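Notes to accompany the following structure.
Keep in mind the model is a prediction, meaning the values are calculated, not measured. Just so it is clear: chains get the letters A, B, ... in the order the sequence lines come, proteins before strands, and each one is counted from 1.
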Amino acid sequence: MSEPLSRTALATRLAQDVEDGWVVNLGIGLPTMVADHLPEGREILLHTENGLLGMGPSPAPDRVDGDLINAGKQPVTALPGASYFHTADSFGMMRGGHLDLCVLGAFQVSATGDLANWSTGGADSIPAVGGAMDLARGAREVWVLTDLLARDGTPKVVGHCSYPLTGVGCATRIYTDRAIFEVTPDGLVATELFGTTLEELENLLQLPLKGASL
Amino acid sequence: MSEPLSRTALATRLAQDVEDGWVVNLGIGLPTMVADHLPEGREILLHTENGLLGMGPSPAPDRVDGDLINAGKQPVTALPGASYFHTADSFGMMRGGHLDLCVLGAFQVSATGDLANWSTGGADSIPAVGGAMDLARGAREVWVLTDLLARDGTPKVVGHCSYPLTGVGCATRIYTDRAIFEVTPDGLVATELFGTTLEELENLLQLPLKGASL
Amino acid sequence: MITKSVANVADALADVADGATVLIGGFGLAGHPIALIDGLLEQGARDLTIVSNNAGNGDTGLAALLAAGRVRKMVCSFPRQSDSWHFDRLYRAGEIELELVPQGNLAERLRAAGSGIGGFYTPTGVGTELAEGQEVREIEGRDYLFQLPIRGDIALIGAWKGDRWGNLIYRETSRNFNPLMAAAARITVAQVDEVVELGALDPESIATPGIYVDRLVQVAERPWMRDGVFVGTPEAAVSAASEGSAS
Amino acid sequence: MITKSVANVADALADVADGATVLIGGFGLAGHPIALIDGLLEQGARDLTIVSNNAGNGDTGLAALLAAGRVRKMVCSFPRQSDSWHFDRLYRAGEIELELVPQGNLAERLRAAGSGIGGFYTPTGVGTELAEGQEVREIEGRDYLFQLPIRGDIALIGAWKGDRWGNLIYRETSRNFNPLMAAAARITVAQVDEVVELGALDPESIATPGIYVDRLVQVAERPWMRDGVFVGTPEAAVSAASEGSAS
């Protein structure tokens with residue numbers, strides 16, 4: 001592709017890789033956009049860690065139910081076939097490895113799959129971790145969805161995270177607006193590029209990259 | 001009282017001490033007799049560790065429900081207000097100290113409250129523990145209900161259990177056909193005698209006993 | 001006869017002592033026992049340790065308790081939210097202590113307390129700064145952190161319906177931490193929209209058996225329900241939508 | 001589209017390997033997946049490790065599997081019952097290995113496996129011969145035993161109704177170990193009396209969410225039910241009453 005992906009295009013691209021029948025947790029923030037772009041014809045179950053499997057779309061404005069929210073505390077609906085459970089059962093579901101996929105945002109993600117997405121470590125910032133650390137190891141696959149560069153232009157895909165970690169070696173794939181990376185024992189493998197080249201990316205990230213079937 | 005208690009009288013006597021509002025587990029075997037002798041006018045909730053709180057009496061013969069049994073695998077009923085839960089939740093209820101009382105049978109019970117009721121340690125016997133060890137520490141009060149003497153005439157209330165233990169220091173009270181004992185830091189205190197004297201009991205058990213308000 | 005119902009919130013909370021550890025159910029405002037927290041505010045206990053997933057939303061519930069300076073310490077997973085201004089101010093001013101616990105570990109530690117488990121090993125948080133000072137153990141080739149139970153002196157629970165034995169049912173995702181906290185405290189007080197006849201609750205969906213509940217108070221029905229039936233309200237829509245993104 | 005239903009028991013169990021660890025739900029015959037066990041008997045896998053609360057009742061279900069010499073090892077809490085003659089014979093003949101686990105520890109170890117807990121500390125069994133060789137740890141002034149998770153290669157579950165996502169509900173005390181085992185195995189197969197439409201099960205009483213179930217088989221309705229309604233039967237009465245006392 002000849003140019004970087006918009007956020008919508010990026011969420012859509014990731015959504016295409018979510019397989020029929022998977023159970024998926026979309027965390028909070030940017031990854032929740034994926035829900036609106038899941039391909040037609042696939043039945044994908046959404047889990048929200050506050051205690052619902054089988055989450056549906058947002059309700060009509062006059063059908064908002066204060067008892068029915070997602071992990072971002074936004075009103076949602078429940079599909080036929082949904083089930084409710086308490087927080088320990090819900091996190092047991094994740095910790096026990098029963099989900100197929102978690103999609104998470106990132107401040108930084110490293111070439112070995114370390115993820116930092118809960119704290120910038122700033123002296124004045126108020127720490128809040130929520131379910132982030134559980135989500136980071138809460139599924140068979142953990143895909144990171146993020147812009148390649150932070151607002152100040154520094155790369156978010158790094159050799160070593162400088163921000164406090166959420167999980168060690170947990171990310172299995174990284175979807176960014178410039179490239180998709182597979183995290184492998186041999187380092188990052190770029191499987192798709194959007195308006196850039198492998199060489200440009202290596203220079204930008206200052207990381208050795210492998211290309212695969214590009 | 002001038003003579004030893006029959007089993008029915010013994011179960012009835014224990015039942016009189018079960019207070020209004022208590023949640024009680026009656027184990028299996030002899031203690032289950034207590035259910036039929038609970039005093040009128042008290043509301044006492046029965047817990048059965050296979051997953052029911054609010055157990056009712058046996059069903060009519062033509063209303064037996066194979067899905068509704070007690071820990072002894074006998075058919076039971078459920079009272080209005082009953083609830084069902086899985087085994088981990090049920091044993092959490094006991095282990096967490098939420099029951100008021102467990103009533104248990106015994107092979108032996110010691111002056112310090114050690115209980116042996118799951119195995120005679122015989123070489124050819126097949127061990128089976130079930131919920132016995134959980135029950136032994138599964139309530140605020142653990143009352144042992146047993147004949148004072150085994151069939152061969154040896155005392156079941158002893159200085160030190162020779163059979164394999166179910167729980168250490170768990171029994172708080174011992175109801176037998178000859179006497180009721182409180183297990184205290186200073187040893188056994190006989191609070192009621194049935195057709196015997198404290199001296200006779202001390203000789204029979206070869207244990208120092210205290211009498212209380214006899 | 002067993003009757004967990006008490007006449008009003010004040011009676012239910014009369015004995016909360018200064019310095020108590022109070023478990024407060026809810027995830028954001030879903031299942032958050034607002035009426036009980038208002039009662040605790042009125043009751044006056046101070047120097048409290050609060051265990052709750054969040055550290056207050058807007059100006060009601062736990063947020064109001066924080067604003068009144070009653071809380072010495074928060075144990076929670078996600079204090080920082082778009083509408084957590086009272087906590088934010090206290091924290092920045094150094095007027096409140098914070099113990100940050102990942103959400104799944106928080107839930108499991110409460111469950112351990114309720115079910116008599118002495119401690120357990122979790123993979124969550126290994127290798128992060130929240131693991132600092134914690135015992136690490138390798139089990140079957142994988143690293144885990146040791147976690148202790150979290151017990152409460154009192155739990156405040158937001159349920160939907162209850163009966164006189166104290167059995168509780170919840171609605172949808174308002175269940176969250178409530179059943180865990182109900183089991184983890186010495187005294188458990190639940191607010192419900194309705195106290196129903198014994199036997200009226202489905203025994204297969206009682207998420208909190210009455211054994212865990214000491215006191216039950218009926219409060220006003222939640223705004224989006226009428227006579228036990230969901231009706232929705234545009235007002236609720238506005239309020240819920242303004243909660244912002246948080247976990 | 002998600003469809004956990006398979007055509008028959010044989011298809012559901014085709015891949016059970018020799019030497020597998022099989023978790024079998026039920027407490028006595030309540031919630032015991034008889035049809036699946038009969039299928040396993042027919043399927044032929046041998047050298048099995050079975051985890052189940054009891055070691056068979058009478059001549060059906062697990063008892064039949066034991067009688068056929070398919071089981072190398074039993075992990076259970078209460079093998080000895082008035083009608084456990086097949087296990088008794090094998091045990092006395094030294095033809096079967098037994099790991100005896102107190103019932104609450106068994107349930108909690110299965111739960112640990114399903115929920116990713118690396119291990120935990122229980123007070124149950126401290127100071128008894130079942131604690132021999134186990135790690136003891138003092139926590140907050142009390143002694144506990146360390147326990148590891150129990151995982152299965154496959155779980156056989158006896159539920160009442162299910163839907164195509166694999167959601168399960170149980171009836172009364174037939175719930176017992178089933179939800180714990182469903183979560184603790186790599187592959188989970190459930191038998192149900194009826195596969196119902198998606199949305200027909202009450203989402204508040206689904207004790208096993210579909211995420212834990214891989215295969216669902218509809219079998220004959222239990223004898224004391226007709227078209228989903230309890231009718232009772234004198235025959236069932238006789239059979240249930242003959243189970244004798246056990247735990």
Side-chain angles (χ1 to χ4, degrees), chain B residues 27-29 32 48-52 55 58-76 78 82 84-95 114 116 118-119 121 124-138 164-170, chain D residues 27-31 53 57 76-81 84 87-88 91-92 98 100-108 110-111 122-130 160 170-180 207 222-224 230 232-234 236-241 243-247:
Chain B
I28 57 176
T32 59
T48 181
E49 65 267 27
N50 51 314
L52 166 60
M55 183 170 64
S58 302
D62 64 340
R63 301 299 290 169
V64 164
D65 180 341
D67 294 320
L68 187 46
I69 61 176
N70 66 13
K73 302 195 177 73
Q74 296 155 323
V76 294
Y84 300 107
F85 26 82
H86 62 53
T87 311
D89 280 349
S90 189
F91 280 80
M93 213 173 262
M94 297 201 293
R95 202 191 300 110
D114 292 354
W118 73 278
S119 167
D124 191 46
S125 75
I126 296 174
V129 65
M133 290 186 181
D134 303 273
L135 287 158
R137 31 202 328 161
L165 293 186
T166 308
V168 177
C170 57
Chain D
F27 180 86
L29 292 175
N53 187 61
N57 298 83
C76 69
S77 86
F78 208 88
R80 184 194 66 225
Q81 300 165 95
S84 60
F87 176 83
D88 297 2
Y91 184 80
R92 292 214 162 90
L98 171 65
L100 195 68
V101 184
Q103 195 172 153
N105 293 354
L106 182 62
E108 194 67 14
L110 289 161
R111 183 189 175 276
T122 178
T124 302
V126 168
T128 74
E129 68 179 38
L130 294 188
W160 184 30
Y170 303 91
R171 265 194 94 235
E172 305 165 339
T173 59
S174 71
R175 189 184 301 202
N176 55 66
F177 284 89
N178 283 303
L180 305 164
R222 53 201 74 195
W224 48 88
F230 174 70
T233 62
V238 172
S239 139
E243 292 305 314
S245 76
S247 186

- Item | Contact check, side chains of Glu49(B) and Phe27(D), non-hydrogen atoms, under 4.5 Å | no

- With chain D, the option among Pro127(B), Ala78(B), Ser125(B) that has the most non-hydrogen atom pairs under 4.5 Å is Pro127(B)

- For the residue pair Asp67(B) and Thr173(D), what are the closest heavy atoms and their distance? O-OG1, 2.6 Å

- Query: Measuring from Arg111(D):CZ to Asp89(B):CG, what's the distance to the nearest 0.5 Å?
  - Reply: 8.0 Å

- Query: Closest approach of Trp224(D) and Val64(B), non-hydrogen atoms and distance?
  - Reply: CB-O, 4.2 Å

- Message: I'd like to know if the side chain of Thr128(D) and the backbone of Leu165(B) have a donor-acceptor N/O pair within less than 3.5 Å.
- Response: no

- Message: Heavy-atom cut-off 4.5 Å, strictly under: side chain, backbone, both or neither for Asn105(D) against chain B?
- Response: both

- Check step by step if side chain to side chain contact (heavy atoms under 4.5 Å, CB included) holds for Ile69(B) and Glu172(D). CA-CA 9 Å; Ile69(B) 61 176; Glu172(D) 305 165 339; over 6 Å; no

- Query: Side chain, backbone, both or neither: which part of Tyr170(D) has a non-hydrogen atom closer than 4.5 Å to chain B?
  - Reply: neither

- Item | Pairwise side-chain contact, Phe230(D) with Arg63(B), heavy-atom cut-off 4.5 Å (strictly under) | yes

- Note on the structure: Nearest heavy-atom approach of Phe78(D) to Val129(B) is CD1-C, 3.9 Å

- Item | For chain B, the option from Gly104(D), Gly125(D), Ser174(D), Pro179(D) that forms the most heavy-atom pairs under 4.5 Å | Gly104(D)

- Whether Thr124(D) side chain and Met133(B) backbone form a donor-acceptor pair below 3.5 Å: no

- Message: Given heavy-atom pairs under 4.5 angstrom as the criterion, report whether the side chain, backbone, both or neither of Thr32(B) touches chain D.
- Response: neither

- Message: Report which part of Phe91(B) has an atom under 4.5 Å of a heavy atom belonging to chain D: side chain, backbone, both, or neither.
- Response: side chain

- Message: Is any side-chain heavy atom of Arg92(D) closer than 4.5 Å to one of Ile126(B)?
- Response: yes

- Can you name the closest pair of heavy atoms from His86(B) and Leu180(D) and give their distance? CE1-CD2, 3.7 Å

- Which answer fits Arg171(D), side chain, backbone, both or neither, if we ask what part of it has an atom under 4.5 Å from a heavy atom of chain B? both

- So, the side chain of Arg137(B) versus the backbone of Pro123(D): is there a donor-acceptor pair under 3.5 Å, distance only? yes

- Message: Nearest 0.5 angstrom please: Gln103(D) CD to Ser90(B) OG, how far?
- Response: 8.0 Å

- Task: Count the heavy-atom pairs under 4.5 Å between each of Thr122(D), Leu130(D), Val126(D), Leu98(D) and chain B, then report the option with the highest count.
- Result: Leu130(D)

- Identify the heavy atoms of Thr87(B) and Phe177(D) that sit nearest to each other, and give their distance. OG1-N, 3.2 Å

